[in-house]
Amino acid sequence: MKQFVDKLFNNQEFNKKELLEFINKIDEETKDYLFEQACKKRDEVYGRVVFFRGLIEFTNYCKSNCYYCGIRRSNNNADRYRLSLNELLKCCDYGYKAGFRTFVLQGGEDAYFTDNKIKEIVSVIKDKYPECAITLSIGEKSYESYKMFFDAGADRFLLRHETAQAAHYKKLHPSEQTLENRKKCLYNLKEIGYQVGAGFMVGSPYQKLENMVEDLMFLKELSPHMVGLGPFIPHVDTPFKDMKAGSVDMTLIMLALVRLILPEVLLPATTALNSIHEKGRELGLKAGANVIMPNLSPKEVREKYTLYNNKNISGLEAAEYKEAITKEIAKIGLKLVVDRGDHVSMK
Ligand code: SAH
């Protein structure tokens, strides 16, 4: 078992069958070794540092209807909101002063925010904070729209592929959404020059281990700059309300495997992981993650941006939260750095 970890560590070729067998049979001892080697790899590439990004959840209106997501358009119980440009700028201003050098604008697919509005938001933020990176996470758009946002100053884009197998994708989304288009968007984003983030949920309904093996193979092929990966957590107002949440253990195994398969990847210990385990963030960082994304959204809206239930919402302001995290991760020998935290290939 350890040999397979070494193989990944040494960047040797592997196939699906070996990977599946490894995940199937992994025992406690191998798991510890896997996490250890994943951290070693991260430290080799980026050092013992953690990058932090300010997450601004600027709208929870959504025209999509993903079966797992709490802000899907058919959820009439969602309390919808949008932030104005002014409110957005306040978040950035606060974040900048607290040391944030990346702003992640995430939202539902909200038609109110036309391409021109997004373009304006991006250029205003870029103009005010030229040394900061802007990340968008606003779903599927045309090549032209992505290009327009990029030209306006957006640096990165997060668009999880969700699952790399078409039949499984269909079980998680209505037929108007296709894996084919999702993948096309990801390749378009790469071509335009964004630092791109893909990723998937661990333990999503109907997921088999084989699906996650496909996910890892797809990530290897796409070779994104970032990978977002967290456990699925049910939301009461979705068709998946009675489904089981993904496990902490499997999420950590996936994080470590992604680190070894894509050594240079920027890999967050996600809010979802921290929501199903009180030490989720620390465990994620001990499995090879190197990014955290504290919430910069105004406190009043944090609860409304509910993709899943039991979201770990910090009552703290981002700066206080950052201080708390600094102390927490110092205990495991890691340090938060004030930096855009670009992918190594960009330097
Ligand atoms: N609308 C944008 C971004 C918002 S959703 C987009 O489509 O990309 C951000 C991510 O949250 C999704 O990609 C999904 O993987 C995750 N997510 C949504 N619902 C979830 C749930 N119930 N449990 C865990 N993660 C969820």
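Computed from a prediction, not measured in an experiment: that's the story for all the values here. Any value given below was found using the heavy atoms of this structure, including those in side chains, with hydrogens, waters and symmetry copies removed.
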Using modelled atom types only, decide if a donor and an acceptor are shared between the side chain of [X] and the backbone of [Y] within a distance under 3.5 Å.
| X | Y | value |
| --- | --- | --- |
| Y308 | V236 | no |
| S275 | T271 | yes |
| T59 | Y61 | yes |
| T326 | K322 | yes |
| R48 | G333 | yes |
| K311 | R302 | yes |
| N10 | D6 | yes |
| N60 | T306 | no |

Other residues, nucleotides, ligands: >12 heavy atoms within 6.0 Å of [X] [atom1]:
| X | atom1 | result |
| --- | --- | --- |
| E29 | CD | no |
| Q12 | CD | yes |
| E303 | CD | no |
| E44 | CD | yes |
| K126 | NZ | yes |
| K31 | NZ | yes |

List the steps, then state whether side-chain contact (heavy atoms from CB on, under 4.5 Å) holds for L105 with L88.
CA-CA 9 Å; L105 309 187; L88 257 165; 3.7 Å; yes
Cation over ring, [X] on [Y], under 6.0 Å and within 45°?
| X | Y | answer |
| --- | --- | --- |
| K2 | Y33 | yes |
| K117 | Y112 | yes |
| R53 | F103 | no |
| K171 | Y67 | no |
| R101 | Y96 | yes |

With heavy-atom distances below 4.5 Å as the criterion, would you say the side chains of [X] and [Y] are in contact?
| X | Y | answer |
| --- | --- | --- |
| I71 | H235 | no |
| L273 | L252 | yes |
| F22 | T30 | yes |
| R82 | F113 | yes |
| E18 | N15 | yes |
| C132 | F100 | no |
| F218 | K183 | yes |
| I261 | F14 | yes |

Check the angle between the aromatic planes of Y169 and H173 and answer parallel, tilted or perpendicular using the 30° and 60° thresholds.
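Y169 vs H173 ring planes: parallel.
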Tell me whether the rings of F240 and Y206 are parallel (<30°), tilted (30 to 60°) or perpendicular (>60°).
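The arrangement is perpendicular - the two ring planes meet at more than 60°.
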Distance check, rounded to the nearest 0.5 Å: [X] atom [atom1] versus [Y] atom [atom2]?
| X | Y | atom1 | atom2 | result |
| --- | --- | --- | --- | --- |
| L216 | E221 | CG | CD | 13.0 Å |
| D32 | Q37 | CG | CD | 11.5 Å |
| I23 | M212 | CD1 | CE | 6.5 Å |

Do [X] and [Y] have side-chain N/O donor and acceptor atoms under 3.5 Å apart?
| X | Y | value |
| --- | --- | --- |
| R281 | N312 | no |
| T178 | N181 | no |
| T163 | N211 | no |
| Y305 | Q106 | yes |
| Q195 | D155 | no |
| S297 | N295 | yes |

Dump the intermediate steps for side-chain contact (heavy atoms from CB on, under 4.5 Å) on R156 and H225, then the final yes or no.
CA-CA 9 Å; R156 311 186 188 132; H225 307 82; over 6 Å; no
Heavy-atom closest contact ([X] atom, [Y] atom, distance):
| X | Y | result |
| --- | --- | --- |
| R259 | A38 | CG-O, 3.2 Å |
| S204 | H168 | OG-CE1, 3.3 Å |
| P174 | N65 | CD-O, 3.4 Å |
| N274 | K279 | OD1-C, 4.0 Å |
| K190 | L222 | NZ-O, 2.6 Å |
| F35 | A287 | CD2-CB, 3.9 Å |

What's the verdict on side-chain contact (heavy atoms from CB on, under 4.5 Å) for K25 and D27, showing C-alpha distance, side-chain angles and the deciding distance?
CA-CA 6 Å; K25 293 200 178 141; D27 53 28; over 6 Å; no
The test is side-chain contact (heavy atoms from CB on, under 4.5 Å); show your working for F149 and I138 and say whether it passes.
CA-CA 11 Å; F149 310 149; I138 54 174; 3.9 Å; yes
Evaluation steps, salt bridge (charged side-chain N to carboxylate O under 4.0 Å, His left out), between K241 and D237:
CA-CA 6 Å; K241 63 178 190 299; D237 297 313; over 6 Å; no
What's the verdict on salt bridge (charged side-chain N to carboxylate O under 4.0 Å, His left out) for D151 and K119, showing C-alpha distance, side-chain angles and the deciding distance?
CA-CA 9 Å; D151 291 340; K119 180 181 158 187; over 6 Å; no
Let me check something: do [X] and [Y] share a hydrophobic cluster, defined by ILVMFWY side-chain heavy atoms less than 4.5 Å apart, either directly or through other members?
| X | Y | value |
| --- | --- | --- |
| L255 | I329 | yes |
| F4 | L219 | yes |
| V45 | L334 | no |
| I292 | L158 | no |
| L136 | L83 | yes |

Would [X] and [Y] pass as an ion pair if we require N to O under 4.0 Å?
| X | Y | result |
| --- | --- | --- |
| D110 | K63 | no |
| K286 | E282 | yes |
| R73 | E176 | yes |
| K97 | D93 | yes |
| R182 | E162 | yes |

Are Y68 and F232 an aromatic pair by the rule of ring centers under 6.0 Å?
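No, too far apart.
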